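Read the structure below first, then the notes.
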Amino acid sequence: MPLEGEYEISPTGWVREQTEKIFETGTTESVDIKGRPVVLLTTRGAKTGKLRKVPLMRVEHEGDYAIVASLGGAPKHPVWYYNVKADPHVELQDGTESRDFKAREVTGEEKAIWWERAVAAYPDYADYQKKTTREIPVFVLEPL
Ligand SMILES: C[C@H](OP(=O)(O)OC[C@@H](O)[C@@H](O)[C@@H](O)Cn1c2nc(=O)[nH]c(=O)c-2cc2ccc(O)cc21)C(=O)N[C@@H](CCC(=O)N[C@@H](CCC(=O)O)C(=O)O)C(=O)O
């Protein structure tokens, strides 16, 4: 059941532009970061209850997805991380297709496997992790 409600997009310039481009074209294939594919995550705002839409790098393996709360290696988690922790029901658009998932934060061996896949999808993740003492969280998305 897709997430219902009023949505807001990121106030951050370049992110806003990419999000608006995805809306205009109807596909996440209309944007990329350094030639790497992007997906669009929808979360429920932990305080406002509004739907929040953020583009993320596409990390996919045999039909399963992961999302990486890297925020460019900043010392703090992105706000969407707390939204997902508060309500793990998320929507992910890949290309023109949107599906519902339950997000589960991964740790230990499982995280190591998905971290490898994430760095393969977007090598800058490795630099981001080197940049911060914050352990960059990874969620695996399980289809609802
Ligand atoms: C700027 C902030 O966004 P954020 O949730 O911290 O997310 C920051 C970034 O992760 C986000 O901009 C990502 O899209 C950046 N980004 C990536 N960010 C990543 O973390 N990982 C990625 O792989 C990634 C890839 C990517 C690719 C393309 C692109 O354009 C952007 C990309 C934001 O939207 N803040 C809102 C609030 C949003 C919100 O969720 N509010 C909550 C309350 C939050 C609270 O105060 O507790 C609510 O509505 O209830 C605001 O300031 O109004």
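Counting starts at 1 for both ligands and their atoms, following the listed order. Quick caveat: nothing in here was measured; it's all calculated off a predicted structure.
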Could you list the atoms of ligand 1 found under 4.0 angstrom from a heavy atom of Ala69? 20 (O)
Any N or O of Val68 that comes nearer than 3.5 Å to an N or O of ligand 1? yes
Heavy-atom count around Glu116 CD within 6.0 Å, excluding the residue itself: above 12? no
As an exercise, identify every atom of ligand 1 less than 4.0 angstrom from a heavy atom of Val79. 4 (P), 5 (O), 6 (O), 38 (C), 39 (C), 40 (O), 41 (N), 44 (C)
Please state whether the rings of Phe101 and Tyr65 are parallel, tilted or perpendicular, taking 30° and 60° as the class boundaries. perpendicular
For atom 35 (N) of ligand 1, what is the closest protein heavy atom, and at what distance to 0.1 Å? Pro11 CD, 4.1 Å
Of Thr48, Thr43, Val38, the residue with the heavy atom nearest atom 49 (O) of ligand 1 is Thr48
Those atoms of ligand 1 less than 4.0 Å from some heavy atom in Leu71: 8 (C), 9 (C), 10 (O), 19 (C), 20 (O)
Element-labelled atoms of ligand 1 that are located less than 4.0 Å from some non-hydrogen atom of Ile33: 27 (C), 28 (C)
Does an N or O from Asn83, backbone or side chain, lie closer than 3.5 Å to an N or O of ligand 1? yes
Assess whether side-chain hydrogen bond (donor to acceptor under 3.5 Å, both in side chains) is satisfied between His77 and Arg134, documenting all intermediate values. CA-CA 8 Å; His77 296 326; Arg134 170 174 73 97; 2.9 Å; yes
Is Glu91 salt-bridged to Arg99, going by a charged N under 4.0 Å from an acidic O? no
side-chain hydrogen bond (donor to acceptor under 3.5 Å, both in side chains) between Lys21 and Ser30, worked out: CA-CA 7 Å; Lys21 183 105 183 273; Ser30 61; 5.2 Å; no
Counting each atom of ligand 1 from 1 as listed, which ones have a heavy atom of Trp14 under 4.0 Å away? 29 (C), 30 (O), 31 (C)
Under 4.0 Å between heavy atoms, the region of Gln18 that gets near ligand 1 turns out to be side chain
Can Glu60 and Arg117 be counted as an ion pair, charged N to O under 4.0 angstrom? no
Tell me whether Pro55 has any N or O atom under 3.5 angstrom from an N or O of ligand 1. yes
Any nitrogen or oxygen of Ala46, side chain or backbone, less than 3.5 Å from one on ligand 1? yes
Protein residue, atom and distance nearest to atom 19 (C) of ligand 1, heavy-atom basis: Ser70 OG, 3.4 Å
Tell me whether the rings of Tyr125 and Tyr122 are parallel (<30°), tilted (30 to 60°) or perpendicular (>60°). perpendicular
Identity and separation of the nearest protein heavy atom to atom 46 (O) of ligand 1: Lys47 NZ, 3.2 Å
Just which atoms of ligand 1 are under 4.0 Å from any heavy atom in Tyr125? 22 (C), 23 (O)
Checking a contact table here: which protein heavy atom is nearest atom 1 (C) of ligand 1, and how many Å away? Thr12 OG1, 3.6 Å
Can you tell if the side chain of Val68 reaches within under 4.5 Å of the side chain of Trp115, non-hydrogen atoms only? yes
Less than 3.5 Å apart, any donor N or O on the side chain of Lys53 or Thr19 sitting next to an acceptor on the other? no
Nearest to atom 11 (C) of ligand 1, what protein heavy atom do you find, and at what distance? Val54 CG1, 4.0 Å
Are Arg36 and Asp124 close enough for a salt bridge, meaning some N to O gap below 4.0 Å? no
Relative to ligand 1, is Met57 under 4.0 angstrom through side chain, backbone, both or neither, heavy atoms considered? both
Closer than 4.0 angstrom: is that true for some heavy atom of Arg52 and an atom of ligand 1? yes
Ignoring hydrogens, tell whether any protein atom lies closer than 4.0 Å to atom 3 (O) of ligand 1; use the non-hydrogen atoms only. no
Taking only heavy atoms of Val15 into account, list the atoms of ligand 1 that are under 4.0 Å away from them. 12 (O), 14 (O), 30 (O), 31 (C)
Under 3.5 Å, is there a donor-acceptor pair between the side chain of Asp94 and the main chain of Val39? no
